[in-house]
Amino acid sequence: QLGSTLLRFKMGDAEVKFVVTTLKFKACPYRVKLFGVSVKPVSFATATVSISVLVQAIFFFSLSAMGDFGPYRKMILLQGAFAGGLGCMSYIFLTDPANHEIAAYVMIMIGTALGTSIVMYNSYIPELTRSHPEFLQVMEDYKNKKGAFSSGQAKTELLVSTYTDAMDRISGTGQIWGYMGGCLLIIVTAVVVVMIGFHNILNAIAVAMFVQGVWWCLFTMPTVLHIRKRAGPPLPGSQNILNFVWFSLKRSIATLRAVQHIPQTRNFMIAYFLYTDAVSTISQAGVIFAVDELGMQLSDFLILVFVAPFMAMLGMKATLWYRRKYKLSTKEVLVRSLCIYTFVSFWGILGFSGVIGYVYAWELFVIIPLYGGFLAVYESTSRALFCELVPPGQEAEFFGIYEISDKGSSWIGPMVVAVLYDRFGSVRYAFLYLFLACIVSIVILKKFVDVETGSLDCRNKKNLLQMDKIREKFGVSKKQIQAEIKKRKKLGSSVASSNASSAVSTRSSQSSVERRSSHSSVQRS
């Protein structure tokens, strides 16, 4: 509905006239379907992400423990990677807006496949560390010369430090290559889209997704060719997928309850739950803030999208050198990276003064490289530190819980941002929450997480027995698994002996028949 009002101002001989036009319109009447439920278009993407997080949590609980048994760690990693890659490529067929609901289902599948494969990918780190040449050499020296030297404590410290250094390098180098691949993929995707020259944004996005899917599948091939299958213990029970999922689900729930016996691991997971949400929300709130309050253009965003992963790669490389030079622990590096994100949040709070603190667009071109420079560092040191707080042989199920902590908190920050924005009309208030979350996380890590104590707790027989008692209530304890395996072996051997006896009796019967036949033929002759 349109309406207009003529306003006239007259001061002396000067007269000013202008028309004020009023435009009234109703809220968008259109609604779209998602799982049969009618939602507003604005809520469609948010609902898709929320459902994806929920589905991922279910999959982590149902599949993560399987990675610690048999050859399933590599199998689930590859299945997740190829499923995600093929899902990305399928977007080339979903350019019609009428396929929006199918596109949402595919996106949920892609997110679930990615998260599941990352659980298995992370759980390989301790195993790769134990197979690292440097650690194997020190381990051999430790075993051969332990009785010959009285300074056993110093040698034990050397063994632990070698293990920690190797783990940090493996985790950090993985992050460097990951962000390097991300930068290269951005360039390749941009070149392909520009060369084809799409005028329809949906077609351009579909081609970009297709390129990412091809890239994902292509660089999964080295895993197929070079990563060996892990020879874990066999899964108990009948050999069908429903039994495997049910066993993994019970095992994951039991492990979540058993964490109380390794308090350092529990405290770290609480801190991780808080700071991983804060760090991811900083980027999300920053995008909204840049558009809504600083009026940044698309071209500026494209520059920053490339700068962040590029600086993450350089930052990780510099941190590995810095850590080895000054002999910093993994925990110290993690705390220092969180101090950077505390500063990034505090800088937004300074903006209430109106003088500086994300008041000008150029400030983002200074802060974003700083934010990106420690992105790989915080991710790498988080998982490396967690590896030290995981009982040996239980990496996959614990990293399933690790990913649940990540995904489980991913809705809190955006919700806080939405509530504060709705209440105060500015995203700037969200920086107060982010600053507080970072501070609390640092306090927990500094005061309540002792890595050495936690590492010993995870190898303490008393703690492991107490954890196994909790698993026994769910029917997934170590003793029950071993009993099931022995029962299966005994059943297998009895079946084998029965088959052998059957074969012997069959051969005896055949010989008897042959002798009677021969005797009959002699009589006839």
Side-chain angles (χ1 to χ4, degrees), residues 67-68 71 73-74 77 120-178 180 222-233 262 264-265 268 313 316-334 376-377 379-396 398-399 402 449-461 463-464:
D68 292 324
R73 183 173 296 182
K74 180 178 179 180
L77 169 61
M120 300 303 156
Y121 165 80
N122 286 338
S123 64
Y124 266 106
I125 296 175
E127 189 175 350
L128 293 173
T129 304
R130 290 192 288 267
S131 303
H132 195 280
E134 288 185 14
F135 177 72
L136 290 176
Q137 182 62 50
V138 174
M139 189 71 178
E140 185 178 352
D141 295 342
Y142 176 77
K143 288 180 178 179
N144 295 336
K145 301 176 183 178
K146 182 178 180 182
F149 291 87
S150 59
S151 58
Q153 179 64 29
K155 292 187 66 184
T156 305
E157 290 175 357
L158 175 63
L159 184 67
V160 172
S161 65
T162 304
Y163 180 82
T164 305
D165 289 343
M167 184 181 294
D168 285 342
R169 270 182 285 147
I170 289 172
S171 181
T173 305
Q175 290 289 347
I176 291 172
W177 281 99
M180 188 185 300
T223 304
V224 175
L225 300 174
H226 299 296
I227 295 292
R228 299 175 185 175
K229 289 183 179 180
R230 179 182 180 274
I262 41 177
Q264 306 302 322
T265 306
F268 172 80
M313 178 182 65
M316 188 71 247
K317 191 71 175 175
T319 301
L320 287 175
W321 170 84
Y322 183 80
R323 182 187 179 281
R324 297 194 71 179
K325 181 176 176 62
Y326 295 99
K327 298 180 180 179
L328 298 175
S329 67
T330 307
K331 176 181 165 181
E332 288 174 321
V333 176
L334 175 59
V377 175
E379 292 172 350
S380 174
T381 51
S382 293
R383 70 183 183 187
L385 184 60
F386 189 69
C387 285
E388 298 183 56
L389 301 173
V390 171
Q394 302 175 31
E395 295 87 2
F398 268 87
F399 267 107
Y402 178 85
V449 177
D450 188 319
V451 181
E452 287 187 24
T453 303
S455 183
L456 292 174
D457 286 346
C458 291
R459 289 155 180 81
N460 185 290
K461 289 184 179 180
N463 292 337
L464 295 176

So which atom in [X] and which in [Y] form the shortest heavy-atom distance, rounded to 0.1 Å?
X: Val377; Y: Thr381; value: O-OG1, 2.6 Å
X: Ala166; Y: His132; value: CB-CG, 4.1 Å
X: Leu385; Y: Phe268; value: CD2-CE1, 3.5 Å
X: Val451; Y: Leu389; value: O-CD2, 3.9 Å
X: Ala396; Y: Met120; value: CB-SD, 4.3 Å

Sequence-distant partners of [X], side-chain hydrogen bond (donor to acceptor under 3.5 Å, both in side chains), two or more places apart:
X: Arg383; result: Asn122, Ser171
X: Asp165; result: Arg323
X: Glu379; result: Tyr179
X: Ser455; result: Arg459

Is a side-chain donor or acceptor of Glu332 paired with a backbone partner of Ser329 at a separation under 3.5 angstrom? yes
Which value, rounded to the nearest 0.5 Å, describes the distance between [X] atom [atom1] and [Y] atom [atom2]?
X: Ile170; Y: Gln175; atom1: CD1; atom2: CD; result: 13.5 Å
X: Met167; Y: Thr162; atom1: CE; atom2: OG1; result: 12.0 Å
X: Cys387; Y: Tyr402; atom1: SG; atom2: OH; result: 8.0 Å
X: Ile262; Y: Leu464; atom1: CD1; atom2: CG; result: 8.0 Å

Tell me, please, which residues at least two apart from Glu127 pass salt bridge (Lys or Arg N to Asp or Glu O under 4.0 Å). Arg73, Arg230
Excluding sequence neighbours, so at least two apart, what forms salt bridge (Lys or Arg N to Asp or Glu O under 4.0 Å) with Arg130? Glu395
[Y] side chain reached by [X] side chain, heavy atoms, under 4.5 Å:
X: Asp168; Y: Ser380; answer: no
X: Cys458; Y: Asn463; answer: no
X: Arg169; Y: Arg324; answer: yes

Got a sec: does the NZ of Lys74 have more than 12 other heavy atoms crowding it under 6.0 Å? yes
Could you list the residues that satisfy side chain to side chain contact (heavy atoms under 4.5 Å, CB included) with [X], not counting sequence neighbours?
X: Leu136; value: none
X: Thr223; value: Leu77, Leu78, Ile227
X: Thr453; value: Gln264, Asp450, Asp457

I'd like to check the ring pair (Phe, Tyr, Trp, His ring centres under 6.0 Å) partners of Phe135; sequence neighbours left out, ordered by chain and number. Tyr163
Checking Phe398 now: which residues fulfil ring pair (Phe, Tyr, Trp, His ring centres under 6.0 Å) with it, not counting sequence neighbours? none
Ring centroid separation for Phe386 and Phe399, is it under 6.0 angstrom? yes
